[in-house]
Amino acid sequence: MLNTIIIDDEPNAINLLKDYSSNIGKINLMASFRNAIDGMNFIESNVVDLVLLDINMPKLSGISLAKLINTKVGVIFTTAYSEYAVESYKLNAIDYLLKPIDFDRFIEAINKADNIINSAHSNDTIIIKSGYKIFQVHLNDILYLEKEGNYITYHLKGKSILVRENVGTTLDSLPNYFKQIHKSYIVPLSKIEIIEQNHVLIGSKKIPIGRSYKNEIDRFFKSDF
């Protein structure tokens, strides 16, 4: 699923995009914002795949925001003005939706975003050294990491790799969507399927949430929109 936020200063436009998003299984709508600054702050502290972004907004425009955020965050512009289309594609926007936005056109844009973003994620790899062996691992294949004494076990789809390193070194080598949620566990937040009071589920694996790490999980799954 695409971790998605909406940034638009028009309440009606936000409500329409929320309604459209609720009918598409590929979207995990995390939050919505009425200004670009609040949206930017959220992007900096959360794992966001896609932004549905208006252009004409007070203080900071959508075009300006798109220049500031991480290039790995996909952008679909949603605007009533066609004159920004050329500039938007110079910023590698995934799509450019003119208001009023038809649902069919919205689906087309989301499918395009899903293909582009998931393709980019699947191509990301990391090199892991285990003894005399060197593994090239797709980040998308990592389900979770488990600390065992002086070792870290990378639990992947279909196998595990044991590495002699500490948690700090491991976190430094991984993208920021990998988070430590317990003294013994690191998880890619996008792999969490269910969150309960004291643990998360990734597949059939129940992973505890440490008390000091709970705010990190709560912030990611916050759905106050």
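Any value given below was found using the heavy atoms of this structure, including those in side chains, with hydrogens, waters and symmetry copies removed. Residue numbers run from 1 in the order of the sequence given.
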Side-chain H-bond candidate by donor/acceptor type, Tyr84 with Asn56, under 3.5 Å: yes
For Thr4, which of Leu52, Ile110, Val51, Val48 qualifies under side-chain contact (heavy atoms from CB on, under 4.5 Å)? Leu52
Just by distance, no angles: are the side chains of His138 and Thr125 close enough, under 3.5 Å, to form a donor-acceptor pair? no
Can you list everything that forms a side chain to side chain contact (heavy atoms under 4.5 Å, CB included) with Asn92? Sequence neighbours excluded, please. none
Consider only side-chain N and O atoms of Glu148 and Thr153, and report whether a donor and an acceptor are under 3.5 Å apart. yes
Compare all side-chain heavy atoms of Asn198 with those of Ile209 and state whether any distance is below 4.5 angstrom. no
If you measure only the distance, is there a donor-acceptor pair under 3.5 Å linking the side chains of Asn140 and Lys191? yes
Is the closest side-chain donor-acceptor distance between Tyr213 and Gln180 under 3.5 Å? yes
Any salt bridge (Lys or Arg N to Asp or Glu O under 4.0 Å) pairs touching residues 162-174, not counting sequence neighbours? none
Under 3.5 Å, is there a donor-acceptor pair linking the side chains of Asn111 and Asp114? no
Joint hydrophobic cluster, Met57 plus Leu91, side-chain heavy atoms closer than 4.5 Å: yes
Restricting to ring pair (Phe, Tyr, Trp, His ring centres under 6.0 Å), what partner residues turn up for Tyr20, sequence neighbours left out? Phe103, Phe106
Can we say Lys99 and Asp8 salt-bridge, meaning some charged N sits less than 4.0 Å from an Asp/Glu carboxylate O? yes
